[in-house]
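First listed ligand is number 1; within each ligand, the first listed atom is number 1. Side chains are part of it too, since the values below use all heavy atoms of this structure and drop only hydrogens, waters and symmetry mates. Worth saying up front: this structure is predicted, and the values here are computed from it rather than measured.
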Amino acid sequence: MKFAIVGCGSRHSMFRNSILDVYGETNEIVAVCDSNAHRLGLAATAASKQGTNGVASYMADDFDTLLAEQKPDTVIVSTPDYTHADYIVRSMEAGCNVISEKPLTTDLAQLKRILDAQERTGKSIQVTFNYRYSPARTHLKKMLRDGAIGEITGVTFKWYLDRVHGADYFRRWHRQKKNSGGLMVHKSTHHFDLLNWWLDARPEQVFAHGSRRFYTPQMAEQFGLSGRGSRCLTCPVADKCDFDLKAQDDPNLSVLYVDAEELDHYYRDLCIFDEEIGIEDTVQATICYDTGVTANYTLLAYSPWEGYEITFHGTKGDLSQKHIEVHGVFGGKRDHADEDALSTVLHLAGEQPQNVIVDQGSGDHGGADPIMLGYIFAPETMEEDTFSRKSDHISGGWSILTGIAANMSIEARGAINISEMLKSNGINLF
Ligand SMILES: NC(=O)c1ccc[n+]([C@@H]2O[C@H](COP(=O)([O-])OP(=O)(O)OC[C@H]3O[C@@H](n4cnc5c(N)ncnc54)[C@H](O)[C@@H]3O)[C@@H](O)[C@H]2O)c1
């Protein structure tokens, strides 16, 4: 299979290395594309196999030429979220299948464009919901599907981003909703996709509250950061700030971003306390599903630890999972948690709680990434996917609807009905 990659920032290297280092016998990268010539050059060099003439590279303005000249079978889209739709549509129009990073897109108008183009061209879109592939989460899917707690009635789901990972969304393009849809779309698309998939259900109504409570100018004052600058590199009080990124001293960040910033003014280390930030860091939502299940969901982006807690309630009892992925930020090392940081408990009515032994997997995102890459690049070598983990434009679409509705609900201070939202935008996702 011939692949082209558009968007050569940090995420694209997972796809690139996987094709080159693991699945190169049956796959090749024919071209890379980016709007930044520096990152494009780095990617082209890294994607070129030794002993070949290298990989073709195209600036973003020449993307259509890339499609016409290189004729890739599949385009991998790993650009910022607000640009996904355009690349997805142009790729499909040129006869290519698409693998898109999450979120599929950020708003309803772009979702409609994607769905219309998919219908017109018949091409496939896969959204890389790696979280579905982590063995621990697949295990939950199996237990729920096998009726471990009877009929599912409700869910409590809390996802915590720590003060390193969480802060990162406030440093660069993610910090404005027009770019990322805010954390409800950009990040929670993973979580809402998991809920849709675990519950085998679609969201019908969303009621959310959200605000920015931590990454604010007032918090900077509380931390004694008066006179702070607009970015870490030139900030007069960086030495007093626990959030100083020091991108210039980090080998990966300096090569990929600091060395490239003169070309497009993409600063990787903008101040996380800026007034102009337009996304929430604290959101709580209630979601009603078409199966009658209701979910309470929390996203927090400044937690002292990183991970999630979920409890499914059912007619026979509860199933819970807690995964501490990272702990010990500030006042200590930022350590990845120990193996026992994953616990899964089945508590059936009238019985003692039982610890469920769950495979933790290995590799990024809870062992999810390597498994997903196997299904993408060498599906014939993988066992049959009885959990339906592959995600297409329909599930990709549904995964952003909860977040889009949550954003609307935060704004309107009222519940949002998803069927009405779809109808008024001329979208049919059934
Ligand atoms: N599934 C996951 O767990 C996961 C993890 C990280 C990122 N992502 C997703 O991957 C995508 C990329 O994220 P990232 O962290 O690599 O971002 P990044 O900012 O590091 O990289 C984006 C790249 O796209 C380029 N770019 C920007 N606008 C462009 C345009 N119009 N045309 C062509 N190139 C353009 C930038 O120059 C940059 O090289 C995002 O959609 C993000 O949500 C997914």
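- Listed by number with element, the atoms of ligand 1 under 4.0 Å from a non-hydrogen atom of Pro80 are 22 (C), 24 (O), 26 (N), 27 (C), 28 (N).
- Just one of Phe312, Tyr289, Phe192 meets the ring pair (Phe, Tyr, Trp, His ring centres under 6.0 Å) condition when paired with Trp198; it is Phe312.
- For atom 19 (O) of ligand 1, the closest heavy atom belonging to the protein is Tyr266 OH, 2.6 Å.
- If you check the side chains of Thr282 and Ser211, you find no donor sitting under 3.5 Å from an acceptor.
- Residue nearest to atom 25 (C) of ligand 1, selected from Ile5, Asn179, Thr105, Asp34: Asp34 (by heavy-atom distance).
- Close approach of ligand 1 to Arg172 is summarised as follows: ligand atoms under 4.0 Å from at least one heavy atom of the residue are 15 (O), 17 (O), 18 (P), 19 (O), 20 (O).
- Of the N and O atoms on the side chains of Tyr308 and Gln321, at least one donor lies less than 3.5 Å from an acceptor on the other residue.
- Between Tyr131 and ligand 1, not a single N/O pair is under 3.5 Å apart.
- Of the residues Tyr169, Phe170, Phe214, the one that meets the ring pair (Phe, Tyr, Trp, His ring centres under 6.0 Å) test with Tyr302 is Phe214.
- When non-hydrogen atoms are compared, ligand 1 lies under 4.0 Å from the side chain of Arg39 (C-beta onward) but not from its backbone.
- Taking only non-hydrogen atoms, the option from Asp264, Leu253, Asp81 nearest to atom 41 (O) of ligand 1 is Asp81.
- Residue Asn130 places at least one N or O, backbone or side chain, under 3.5 Å from an N or O of ligand 1.
- Looking at Glu261 and Leu233, their side chains come closer than 4.5 Å, going by heavy atoms from C-beta outward.
- The closest approach between a heavy atom of Tyr257 and any atom of ligand 1 is below 4.0 Å.
- Of all atoms in ligand 1, listed by their number and element, those nearer than 4.0 Å to a heavy atom of Asn36 are 37 (O).
- Within 6.0 Å of CD on Glu384 lie no more than 12 heavy atoms contributed by other residues, nucleotides or ligands.
- Residue contacts with ligand 1: His174 is excluded, as none of its non-hydrogen atoms falls under 4.0 Å.
- Regarding atom 26 (N) of ligand 1, its nearest protein heavy-atom neighbour is Ser35 OG, 3.3 Å.
- Closest to atom 13 (O) of ligand 1 by heavy atom, among Tyr58, Trp173, Phe15, is Trp173.
- Not a single heavy atom of Phe63 sits under 4.0 Å from any atom of ligand 1.
- Numbered from 1 in the order shown, with element, the atoms of ligand 1 that lie under 4.0 Å from a heavy atom of Thr79 read 11 (C), 12 (C), 24 (O), 33 (C), 34 (N), 35 (C), 40 (C), 41 (O).
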| Do Arg16 and Val32 pass the side chain to side chain contact (heavy atoms under 4.5 Å, CB included) test, and can you show the C-alpha distance, the side-chain angles, and the key distance before you say yes or no? | CA-CA 10 Å; Arg16 184 194 73 206; Val32 287; over 6 Å; no

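- The shortest side-chain heavy-atom distance between Asp86 and Arg113 falls under the 4.5 Å cut-off.
- In this structure, Arg137 forms a cation-pi arrangement with Tyr131, its terminal cationic atom sitting closer than 6.0 Å to the ring centre and no more than 45° off the ring axis.
- Within 6.0 Å of the NZ atom in Lys2, the count of heavy atoms belonging to other residues, nucleotides or ligands exceeds 12.
- Looking at Asp107 and Lys178, no side-chain N of the basic residue comes within less than 4.0 Å of a carboxylate O on the acidic one, giving no salt bridge.
- No salt bridge links Lys177 with Glu411; every basic N to acidic carboxylate O contact stays at or beyond 4.0 Å.
- Annotation: atom 4 (C) of ligand 1 to nearest protein heavy atom, Arg11 NE, 3.4 Å.
- Taking distance alone, with nitrogen or oxygen atoms compared against 3.5 Å, Lys102 approaches ligand 1 more closely than that limit.
- The heavy atom nearest to atom 33 (C) of ligand 1, out of those in Phe129, Tyr87, Tyr169, is found in Tyr87.
- Less than 4.0 angstrom separates some heavy atom of Thr83 from each of these atoms of ligand 1: 31 (N).
- Taking the six-membered ring where tryptophan is involved, the planes of Phe273 and Phe223 are tilted, since the angle between them lies from 30° to 60°.
- Salt bridge annotation for Asp369-Arg11: present, with a cationic side-chain nitrogen under 4.0 angstrom from a carboxylate oxygen.
- The contact set between ligand 1 and His186, taken as ligand atoms under 4.0 Å from a residue heavy atom, comprises 42 (C), 43 (O).
- For ligand 1 and Ser78, the ligand atoms under 4.0 Å from any heavy atom of the residue are 11 (C), 12 (C), 22 (C).
- For Tyr82, no nitrogen or oxygen atom sits less than 3.5 Å from a nitrogen or oxygen atom of ligand 1, counting backbone and side chain alike.
- For Phe63 and Tyr58, the gap between ring centers reaches or exceeds 6.0 Å.
- Of the candidates Gly9, Ser10, Ser100, Ser10 brings a heavy atom nearest to atom 14 (P) of ligand 1.
- What sits closest to atom 1 (N) of ligand 1 on the protein, heavy atoms only, is Glu101 OE1, 3.1 Å.
- Residue-ligand proximity, His84 to ligand 1, at heavy-atom distances under 4.0 Å covers atoms 41 (O).
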